[in-house]
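See below for the structure under consideration.
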Amino acid sequence: MTEEGDGRLERLNEMLKRRGFLLPAFGIYGGAKGLYDFGPVGGRLRSRVNQAWLDHWLQLGNIVELSCPTVTPYEVLEASGHVGEFSDFMTTCKACEEASRADTLLEPHHPNPDALKRDELQELLHSINPECPSCKASDWSDVVAQNLMFNTTIGSGSSGRAGFIRPETAQGMFTSFPSIYRHFRERLPFGAVQVGKGYRNEIAPRQGMIRLREFNMAELEYFIDPEAPVDVDLSAWENQIITFIAQDSPEFTSTLAKAHEDGLIHHPTVAQFLGMTHDFLVNMGIIPSKIRFRQHEKDEMAHYAKDCWDIEILGSYGWIECVGVAHRGCYDLESHHKATGKSLHARREYAEPKTTIIDAWTINGATVGPTFKALAGAVKVAVEELPKSTQFPAQVTLSTGDTVTLEEQHVKPNQLTIKETGEWYIPHVIEPAFGIDRIIWHMIDHAYHESDKDGEVYTIMKLKDTIVPVDYAVFPLFEKDGMDQMAMELHRTFCASTGIVSMYDGSGSIGRRYARADEIGVPQCITVDHQSLEDRTVTVRNRDNGEQTRVSIESLTQ
RNA sequence: GCGGAUAUGGUGAAGUGGUAUCAUAGGAGGUUUCCAACCUUUUGUCGUGGGUUCAACUCCCGCUAUCCGCACCA
């Protein structure tokens with residue numbers, strides 16, 4: 001196998017374009033930065049990965065799939081913190097009209113300009129007046145926020161409402177919490193999954209598929225009761241040695257259970273999801289030794305996170321974050337609750353109802369009201385705090401600072417039994433978020449094998465059978481004598497079966513066709529030859545070892 | 001966003017102030033009893049907009065995109 005670094009990445013990218021895996025979008029218009037097409041081969045690959053991802057999480061048994069709009073009202077993303085967090089503060093040089101980031105300009109003059117608010121940046125910028133990096137002038141416009149989300153208007157004209165194209169799928173799932181809660185009969189834990197597009201108007205999209213302006217994401221929002229005992233079994237991964245990079249520590253290996261026992265992974269469900277993520281990636285063909293889990297530093301953690309892990313994959317661009325598993329606490333539901341006033345709580349029933357017996361004093365409203373007038377409310381609070389043993393008349397100091405004298409006629413005994421069967425709380429959320437494009441890139445990167453064949457590079461895509469874009473390639477040995485009709489018939493039979501993709505190829509020599517099929521990773525090539533015409537058997541060639549077996553057509557199509 | 005480089009058939013490349021070359025690929029036909037073979041034939045191109053010029057793929061300028069650093073982002 002040819003190793004990387006000798007032009008492998010260039011050959012891979014060239015092949016992906018030529019064979020229709022991945023192509024720059026809108027190519028006939030010169031392309032558009034940060035936008036890619038999944039082509040005739042890649043489109044199928046993507047949909048299979050999406051489906052495999054959904055199936056993987058639906059296994060848990062308490063997961064539903066949602067599909068929420070990409071167009072999202074301004075208020076939703078303001079409440080979630082994205083309007084505030086997803087912006088850069090820009091200023092323009094009045095001499096040359098070059099736009100620069102205000103915090104970058106101020107870096108030599110302030111320890112951490114990134115943390116400044118807009119007004120503070122503006123003040124500092126105008127007092128220091130740094131040189132323009134391109135024209136050396138020192139005359140800056142006002143600082144404006146440039147948001148990394150795509151702006152849009154929902155509706156037109158004066159009735160239009162400000163909105164964004166979503167930067168992640170998560171918010172739609174949070175705002176759907178009440179209906180998911182009802183669906184699951186108000187019993188946590190449960191989760192919602194969604195695969196879909198997300199959009200970020202990146203300043204500098206780079207590195208092919210790694211940083212896109214429109215990207216495929218897959219997210220699970222898993223809602224838990226922070227106080228409920230957690231029933232998580234990590235034994236499935238007890239023999240799985242995983243590479244970790246944690247806060248304040250160098251790279252080391254351990255198991256998920258050990259990492260949790262050591263207090264590194266705070267929540268067992270986070271550990272479970274890290275394990276399930278590992279399983280998914282390996283099922284997709286990611287090489288296990290090229291996976292590592294990296295814990296976010298405290299200052300790097302996003303605005304919502306309590307504990308956050310990146311799953312990084314090693315590929316041609318180095319270690320790239322492809323999945324994030326974040327314990328978001330109650331941040332999201334609480335934010336939307338505060339913004340809307342709508343209940344996003346769950347109910348926790350006590351094992352035993354809590355009974356509170358109150359045996360003390362309360363006010364006699366008929367006398368306290370007329371006597372104390374505006375102070376009556378404060379009197380009530382003070383009276384209810386008095387011990388049962390209080391003798392009246394009594395001097396009482398109110399929260400207002402006033403001191404009043406309470407007569408026996410102002411009070412009456414207060415005997416109550418309050419029974420509480422449970423309480424309301426805001427569920428916590430654990431969120432695995434997958435960058436599907438990045439994962440597909442690494443699947444391709446890891447599956448791409450080159451070998452030397454008579455001085456030429458021979459390419460095989462060793463993709464997993466479960467997600468290959470094409471399941472079968474059907475060839476007539478020669479396109480004559482009825483072999484072509486028989487092959488076409490078999491091809492059509494395959495295509496008529498749900499979930500199977502077949503490709504007919506009768507062009508060029510048989511060896512050339514095998515090579516073409518290997519290049520896009522077709523696991524099995526089926527060839528119709530002269531013998532097939534007589535006994536309805538065909539040869540099946542294995543992609544990875546080239547071995548052929550002869551089987552009957554019926555055994556393939558049943 | 002900054003600095004540097006680049007942009008020629010589907011893919012990879014050469015080249016020139018007078019409308020372009022090679023390899024490979026794709027289609028059709030032939031040949032061929034299974035791993036990129038061969039023969040015939042055919043398809044298709046100078047990223048984009050402007051300028052200079054009798055004439056621009058070539059020179060100049062803008063734009064767009066790509067690659068490499070830096071920065072940014074996750």
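Sequence lines set the chain letters: A, B, ... in the order given, protein chains first and strands last, and positions in each chain run from 1. Just so you know, these numbers use all the heavy atoms, side chains as well, and skip hydrogens, waters and symmetry mates.
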(Q) Taking rA20(B) as the reference, what is the distance to rU58(B) when you measure between their P atoms (whole Å, please)? (A) 15 Å
Q. Would you find more than 12 non-hydrogen atoms of other residues, nucleotides or ligands less than 6.0 Å from Phe26(A) atom CZ?
A. no
Q: May I ask you to evaluate whether Arg512(A) reaches the phosphate of rA25(B), defined as a side-chain N or O under 4.0 Å from OP1 or OP2?
A: yes
(Q) Between P on rU33(B) and NZ on Lys480(A), what's the gap in Å once rounded to a whole number? (A) 8 Å
Q.
Any side-chain N or O of Ser507(A) below 4.0 angstrom from OP1/OP2 of rG27(B)?
A. yes
Q: Would you kindly compare Thr459(A) and His530(A) by the position of their nearest RNA chain B nucleotide and give the one closer to the 5′ end?
A: His530(A)
Q: Could you go through the side-chain hydrogen bond (donor to acceptor under 3.5 Å, both in side chains) check for Thr169(A) and Glu219(A) one step at a time?
A: CA-CA 7 Å; Thr169(A) 67; Glu219(A) 296 182 303; 2.4 Å; yes
**Q.** Whole angstrom value for the distance that separates C1' of rC72(B) from CG of Leu148(A)
**A.** 9 Å
(Q) Need one value for Gly31(A): base, sugar-phosphate or nothing, where a base atom within 4.0 Å counts as base even if backbone is also close, heavy atoms only. (A) sugar-phosphate
Q) Touch check for Glu321(A), heavy atoms < 4.0 angstrom, all strands: base, sugar-phosphate only, or nothing? A) base
Q: Determine whether the side chains of Tyr448(A) and Glu450(A) contain a donor N or O and an acceptor N or O closer than 3.5 Å.
A: yes
Q: Assign Phe478(A) to base, sugar-phosphate, or nothing according to its heavy-atom contacts below 4.0 angstrom with the strands shown.
A: base
Q: Calculate the interatomic distance between Glu534(A) atom CD and rU33(B) atom P; express it in whole Å.
A: 15 Å
Q.
If I pick the P atom on rG30(B) and the same atom on rU45(B), what distance separates them, to the nearest angstrom?
A. 28 Å
Q. For rG47(B), which nucleotide is its Watson-Crick or G-U wobble mate, given both distances must be under 3.5 Å?
A. rC63(B)
Q) Is Lys17(A) near enough to rG12(B) that one of its side-chain N or O atoms lies under 4.0 angstrom from OP1 or OP2? A) yes
Q. Considering only the P atoms, how many Å lie between rA7(B) and rG15(B), rounded to the nearest integer?
A. 11 Å
Q | Length of the CD1-C1' vector between Ile28(A) and rG44(B), whole Å | A | 15 Å
Q: Assign Gln548(A) to base, sugar-phosphate, or nothing according to its heavy-atom contacts below 4.0 angstrom with the strands shown.
A: base
Q: State which of rG12(B), rU33(B), rA74(B) makes the closest approach to the side chain of Leu477(A).
A: rU33(B)
Q: May I have the distance from Tyr36(A) (atom OH) to rA65(B) (atom P), rounded to whole angstrom?
A: 12 Å
Q | Asp518(A) with Arg541(A): basic N within carboxylate O range, under 4.0 Å | A | yes
Q) Any side-chain N or O of Thr539(A) under 4.0 Å from OP1/OP2 of rC34(B)? A) no
Q | Asp529(A) and Ser532(A): side chain donor to acceptor below 3.5 Å | A | yes
Q: Assess whether one donor atom and one acceptor atom, taken from the side chain of Arg541(A) and the base of rC35(B), lie less than 3.5 Å apart.
A: yes
Q.
Closest approach to the side chain of Arg18(A), judged atom by atom: which nucleotide of rC35(B), rA36(B), rG10(B) is it?
A. rG10(B)
Q: Check the distance between rG1(B)'s P and Asn201(A)'s CG and give it to me in whole angstrom.
A: 11 Å
Q.
Roughly how many Å apart are rC68(B) and rA56(B), using the C1' atom of each and rounding to a whole number?
A. 30 Å
Q. Looking for any heavy atom pair under 4.0 Å, which part of the strands does Gly208(A) touch: base, sugar-phosphate only, or nothing?
A. sugar-phosphate
(Q) Say we look at rC54(B) and rU41(B): how far apart would their P atoms be, to the nearest angstrom? (A) 43 Å
Q: Using atom OH of Tyr29(A) as one end and atom P of rU48(B) as the other, report the distance to the nearest whole Å.
A: 13 Å
Q: Show your reasoning for whether side-chain hydrogen bond (donor to acceptor under 3.5 Å, both in side chains) applies to Arg550(A) and Thr537(A).
A: CA-CA 6 Å; Arg550(A) 181 166 283 277; Thr537(A) 62; 2.7 Å; yes
Q) From the list rA36(B), rA74(B), rC35(B), which nucleotide is the closest neighbour of the side chain of Tyr514(A)? A) rC35(B)
Q) If you measure from the C1' atom in rU48(B) to the same atom in rU64(B), how many Å do you get, rounded? A) 7 Å
Q: Look at the side chain of Tyr458(A) and decide which nucleotide, out of rC35(B), rA74(B), rG10(B), has an atom nearest to it.
A: rC35(B)
(Q) If you go through the side-chain atoms of Arg516(A), does one of them form a donor-acceptor pair with the base of rC35(B) closer than 3.5 Å? (A) no
Q. For atom P, what is the distance between rU11(B) and rA25(B), given to the nearest Å?
A. 15 Å
Q: Would you mind telling me which residue lines up with the more 5' stretch of RNA chain B, Met15(A) or Arg211(A), judged by nearest nucleotide?
A: Met15(A)
Q: Check Gln295(A), His327(A), His267(A) against Asp307(A) for a side chain to side chain donor-acceptor pair (under 3.5 Å) and give me the one that passes.
A: Gln295(A)
Q. For the pair made of CG in Asp437(A) and C1' in rA74(B), what is the distance, rounded to whole Å?
A. 14 Å
Q | Separation of the C1' atoms in rC63(B) and rU6(B), to the nearest angstrom | A | 16 Å
